[in-house]
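Note that the structure is a prediction, hence the values are computed from the model and not measured. Atoms considered below: every heavy atom in the structure, side chains included; atoms not considered: hydrogens, waters and symmetry mates.
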Amino acid sequence: MGRHIAVFADKVALTREQVRSLGAGRPSDACWVEPAERAALRAVDELHSTYDLADETWAELVAAIGADGALELLLVCGWYHAISFAVKALRLPLEPRTRPIGMS
């Protein structure tokens, strides 16, 4: 795990297994034991791949973290998407020791 990843992971008490899962795993990985964690990760993955949430995914998310939490998650995801648009369009430099991911 890179130093910058370790610093952020430590701040939110993520284990090595959770960091690995975030990059290459699934919400069903054994390291995610809380229903809220799994629901949030499923929702974020679905938003990333479809730009939408199925009714079932939304209902699961609301049941796990409440309507306010689900709305907040949607807005945070949208905000980070907007930031990525601006960073790319403005040709801002990458942070030290980073490389583009999934961008051409």
Colleague: Show the nearest heavy-atom pair for residues Leu73 and Ala43, with the distance to one decimal.
Modeller: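 Looking at all heavy atoms of both residues, the closest pair is CD2-CB, 4.0 Å.
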Colleague: Answer yes or no: are there more than 12 heavy-atom neighbours, outside Arg26 itself, under 6.0 Å from its atom CZ?
Modeller: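 Count not over threshold, so no.
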Colleague: For Val19 versus Ala9, what's the shortest heavy-atom pair and its separation?
Modeller: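 Closest heavy-atom pair between Val19 and Ala9: CG2-CB, 3.6 Å.
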Colleague: What heavy-atom pair brings Ala39 and Ala64 nearest, and what distance separates the two atoms?
Modeller: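 That would be CB-CB, 3.7 Å.
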Colleague: Before giving the answer on side-chain contact (heavy atoms from CB on, under 4.5 Å), spell out for Leu14 and Leu22 the whole-Å C-alpha distance, their side-chain angles and the decisive distance to 0.1 Å.
Modeller: CA-CA 10 Å; Leu14 292 177; Leu22 288 173; 3.8 Å; yes
Colleague: Running the 4.5 Å side-chain criterion over Ile, Leu, Val, Met, Phe, Trp and Tyr, what cluster does Val33 land in, apart from itself?
Modeller: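 When side chains under 4.5 Å apart are linked, Val33 ends up in no cluster with other residues.
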Colleague: Write out all pairs satisfying salt bridge (Lys or Arg N to Asp or Glu O under 4.0 Å) with one or both partners inside residues 45-71, taking only residues at least two apart or from two chains.
Modeller: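 Pairs touching residues 45-71 that pass the test: Arg42-Glu60.
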Colleague: Can you name the side chain to side chain contact (heavy atoms under 4.5 Å, CB included) partners of Glu17, sequence neighbours left out?
Modeller: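 Thr15, Cys31.
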Colleague: Could you note down all residue pairs passing ring pair (Phe, Tyr, Trp, His ring centres under 6.0 Å) where residues 56-95 supplies at least one of them, sequence neighbours left out?
Modeller: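 Non-adjacent pairs meeting ring pair (Phe, Tyr, Trp, His ring centres under 6.0 Å): Tyr51-His81, His81-Phe85.
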Colleague: Taking all non-hydrogen atoms of both residues, which atom of Val62 and which atom of Ala67 are closest, and how far apart?
Modeller: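 So the minimum-distance heavy-atom pair works out to CG1-N, 3.9 Å.
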Colleague: Considering only residues two or more places apart or on different chains, which pairs with a residue in residues 30-40 satisfy side chain to side chain donor-acceptor pair (under 3.5 Å)?
Modeller: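 Only Ser21-Trp32 qualify under side chain to side chain donor-acceptor pair (under 3.5 Å).
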Colleague: Under the 4.5 Å side-chain heavy-atom rule for ILVMFWY, direct or indirect, which residues accompany Leu75?
Modeller: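 Same cluster as Leu75: Leu71.
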Colleague: Is there a side-chain contact (heavy atoms from CB on, under 4.5 Å) between Leu53 and Leu74? Walk through the geometry before answering.
Modeller: CA-CA 10 Å; Leu53 288 181; Leu74 287 177; 3.8 Å; yes
Colleague: Check Ala36 against Ile65 and note the closest heavy-atom contact, atom names and distance.
Modeller: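 Looking at all heavy atoms of both residues, the closest pair is CB-CG2, 3.6 Å.
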